[in-house]
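This report concerns only the one structure given below.
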Amino acid sequence: MTGVESALEADKLRRLLTDNGVELAGDLSIQLISGGKSNLTYTVTDGVTSWVARRPPTGGLTPSAHDMGREWAVTSALQSTSVPVAKTVAFDADGSIIGAPCTVVEFVDGRVVRTAEDLAAYSDDEVAANLDGLVRTLADLHAVDYQAVGLGEFGRPAGFAARQVKLWARQWGHVKTRDLPDVERLVEALSERVPEQARESVVHGDFRVDNTIVDANDPAKIAAVVDWEMSTLGDPITDVALMCVYRTGVFDQVLGFSAAWTSDRYASVDEIAQKYATATGSDLGDWDFYLGLANLKLGVIAEGITYRALSGASSGDGAERAGEATAAFIAAGLRHIN
């Protein structure tokens, strides 16, 4: 058993569950379903009921990138809304039981549509219906009254876009593997064009089809939105733009496989943006600014994957080449902003 596989011990998890009023039908069986540099994700069952448990990776922790408290707070708050999230069960906030912060939610049955092969199971009409469901779900998230559900202190929505420009410029300085003057050009152009006014909402921060669970029988229905560790309060159009820029084919190079979300079977970026505008009854403001910012973010993320691979971190097959996509993202960002 590897360190990752043994990072969640059955006796400790049993204690966490029973301390939170869960009556267990039998011994716990735990299976790792997602490891690596993201939060470790496990399926758990007592033979009758199933749950999903998540905890940070065992090494190289970056607390801001693996904030279990953030994930727990937002999913707990959204329980009473129309946004589909798994039912929250238990939270070891300080790691006093598990040995690291850990969340447990009910298991949500459905499909994870991650690869182009996964998408091949759907007809063209089903792909279109799935996109409609995704856009509707994102619109529902952005419509949540975050004050009313107790998320008033979840972030600082005012000035969010300006801080994002500075954040990703600063991150570039940490992870760049070569000089790329276009990054500085894009940052400067974005800084001069930050919208003066913006809507404020809960933002997911990483919304695309593979960060959802799709209903097993109805591709138009999103059974749950997952992976909330990047969520905060901010400008909802940043979510829309990032969802659209993730559609860029070069993102496959960052992931290391042919993704479902980059498939040309989904609608174009312009069509997705229009669907969101129609669903929310609002315009997208300076849309080119938001697309420029999303391209900056993805360009820096791609570079960061290569940086970690070259530094000796295990980031997956082809990670050292992910940064080859950076220039394409930055160039796209400049085209939008100029």
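Since the structure is predicted, the reported quantities are computational estimates derived from the model, not experimental observations.
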Determine which pairs satisfy ring-ring contact (aromatic ring centres under 6.0 Å, His included) with at least one residue from residues 94-135, sequence neighbours left out, and list them in order. none
How close do Asp46 and Leu28 get, heavy atom to heavy atom, and via which atoms? CB-CD2, 4.0 Å
Any link between Ile301 and Met243 through a network of hydrophobic side chains (Ile, Leu, Val, Met, Phe, Trp, Tyr) touching at under 4.5 Å? yes
Tell me whether Thr248 contacts the main-chain N or O of Val245 through its side chain, where contact means a donor paired with an acceptor under 3.5 Å. yes
Nearest non-hydrogen partners of Leu180 and Ala327, listed with the distance: CD2-CA, 4.2 Å
State, yes or no, whether a side-chain contact exists between Arg178 and Glu303 at a heavy-atom distance under 4.5 Å. yes
Should we count CZ of Arg114 as having more than 12 external heavy atoms under 6.0 Å? no
Does the side-chain contact (heavy atoms from CB on, under 4.5 Å) test come out yes or no for Val104 and Val44, once each step is laid out? CA-CA 9 Å; Val104 183; Val44 181; over 6 Å; no
Please check: side-chain N/O of Asp215 versus main-chain N/O of Ala223, any donor-acceptor pairing under 3.5 Å? no
Same cluster or not: Val209 versus Val112, using hydrophobic residues (I, L, V, M, F, W, Y) connected whenever any side-chain heavy atoms lie under 4.5 Å apart? no
Are the side chain of Arg70 and the backbone of Ser231 linked by a donor-acceptor contact shorter than 3.5 Å? yes
Side-chain polar contacts of residues 330-338 - donor-acceptor pairs under 3.5 angstrom, sequence neighbours left out - could you list them?
unit_1: Asn338; atom_1: ND2; unit_2: Leu334; atom_2: O; d: 3.2

With sequence neighbours left out, what residues match Asp94 under salt bridge (charged side-chain N to carboxylate O under 4.0 Å, His left out)? none
Non-hydrogen side-chain atoms of Asp288 and Arg193 separated by less than 4.5 Å: yes
Nearest 0.5 Å, what's the CG-CG distance between Leu13 and Leu8? 5.0 Å
Hphob cluster co-occupancy, Leu242 + Val202, side-chain heavy atoms under 4.5 angstrom: yes
Shortest non-hydrogen contact between Thr232 and Gly155, atoms and distance: OG1-CA, 3.8 Å
State, yes or no, whether a side-chain contact exists between Val74 and Leu151 at a heavy-atom distance under 4.5 Å. yes
Do Thr262 and Leu255 make a side-chain contact, defined as non-hydrogen atoms from C-beta onward lying under 4.5 Å apart? no
Does Leu291 share a hydrophobic cluster with Val240, counting links as ILVMFWY side-chain heavy atoms below 4.5 Å and allowing steps through other members? yes
Go through it in stages, so that I can follow the logic: the residues are Leu119 and Trp261, the test is side-chain contact (heavy atoms from CB on, under 4.5 Å), and I'd like the CA-CA distance, side-chain angles, deciding distance and then a yes or no. CA-CA 9 Å; Leu119 194 66; Trp261 190 237; over 6 Å; no
Sequence neighbours excluded, which residues qualify as side chain to side chain contact (heavy atoms under 4.5 Å, CB included) partners of Thr103? Arg54, Met68, Glu71, Trp72, Phe91
Once you round to the nearest 0.5 Å, how far does OG1 of Thr280 lie from CD1 of Ile237? 6.5 Å
Hey, is the main chain of Val22 close enough, under 3.5 Å, to the side chain of Thr18 for a donor-acceptor pair? no
Between Tyr42 and Gln31, does a side-chain contact (heavy atoms from CB on, under 4.5 Å) hold up when you go through it step by step? CA-CA 5 Å; Tyr42 303 82; Gln31 182 176 1; over 6 Å; no
Minimum side-chain heavy-atom gap Val225-Asn211 below 4.5 Å: no
Determine, step by step, whether Val254 and Leu298 satisfy the side-chain contact (heavy atoms from CB on, under 4.5 Å) criterion, reporting the C-alpha distance in whole Å, the side-chain angles of both residues, the deciding distance to 0.1 Å, and the verdict. CA-CA 9 Å; Val254 179; Leu298 289 189; over 6 Å; no
Would you check if Phe329 and Leu186 make a side-chain contact, meaning some heavy-atom pair closer than 4.5 Å? no
Measuring from Thr177:OG1 to Ile305:CD1, what's the distance to the nearest 0.5 Å? 12.0 Å
How far apart are the closest heavy atoms of Val48 and Ala25, and which atoms are they? CG2-CB, 3.6 Å
Thr326 side chain to Val300 main-chain N or O, any donor-acceptor pair under 3.5 Å? no
Does Tyr266 OH have over 12 foreign heavy atoms under 6.0 Å away? yes
Rounded to the nearest 0.5 Å, how far does CD1 of Ile222 lie from CG of Leu134? 4.0 Å
Does any N or O in the side chain of Ser123 come within less than 3.5 Å of the main-chain N or O of Glu126, such that one atom is a donor and the other an acceptor? yes
Are Tyr246 and Val269 close enough that some pair of their side-chain heavy atoms sits under 4.5 Å apart? no
Has Asp92 got a side-chain atom pairing as donor or acceptor with Ile97's backbone, closer than 3.5 angstrom? yes
Hey, is the main chain of Ala90 close enough, under 3.5 Å, to the side chain of Asn20 for a donor-acceptor pair? no
Is a salt bridge present between Arg14 and Asp11, judged by a nitrogen-to-oxygen distance below 4.0 Å? no
When rounded to the nearest 0.5 Å, the distance separating NZ of Lys221 from CG of Asn130 is 14.0 Å
Is there a donor-acceptor pair under 3.5 Å between the side chain of Arg265 and the backbone N or O of Val127? no
More than 12 heavy atoms from other groups under 6.0 Å of CG on Asp27: no
To the nearest 0.5 Å, tell me how far Arg111 CZ sits from Ile213 CD1. 13.5 Å
When you measure from the side chain of Gln253 to the backbone of Val250, do you find a donor-acceptor pair of N or O atoms at a distance under 3.5 Å? no
Val85 reachable from Val105 in the ILVMFWY side-chain graph, under 4.5 Å edges: no
Heavy atoms, side chains only, cut-off 4.5 Å: are Pro84 and Thr137 in contact? yes
Provide the closest heavy-atom pair for Ala198 versus Asp235 in the form atom of the first, atom of the second, distance. CB-OD2, 3.2 Å
Pairs involving residues 182-233, ordered by first then second residue, that meet ring-ring contact (aromatic ring centres under 6.0 Å, His included) (sequence neighbours left out): His204-Phe207, His204-Trp228
CD of Glu117: more than 12 outside heavy atoms within 6.0 angstrom? no
Looking only at side-chain N and O atoms, does Asp118 offer a donor or acceptor that is under 3.5 Å from a partner on Thr115? yes
Atom CZ of Arg156 with >12 non-hydrogen neighbours under 6.0 angstrom: no
Sequence neighbours excluded, every pair satisfying ring-ring contact (aromatic ring centres under 6.0 Å, His included) that has a member inside residues 138-171: His142-Tyr276
Are more than 12 heavy atoms from other residues, nucleotides or ligands located less than 6.0 Å from atom CD of Gln79? yes
Take a 6.0 Å sphere around CZ of Arg321 and say whether it holds more than 12 heavy atoms from other residues, nucleotides or ligands. no
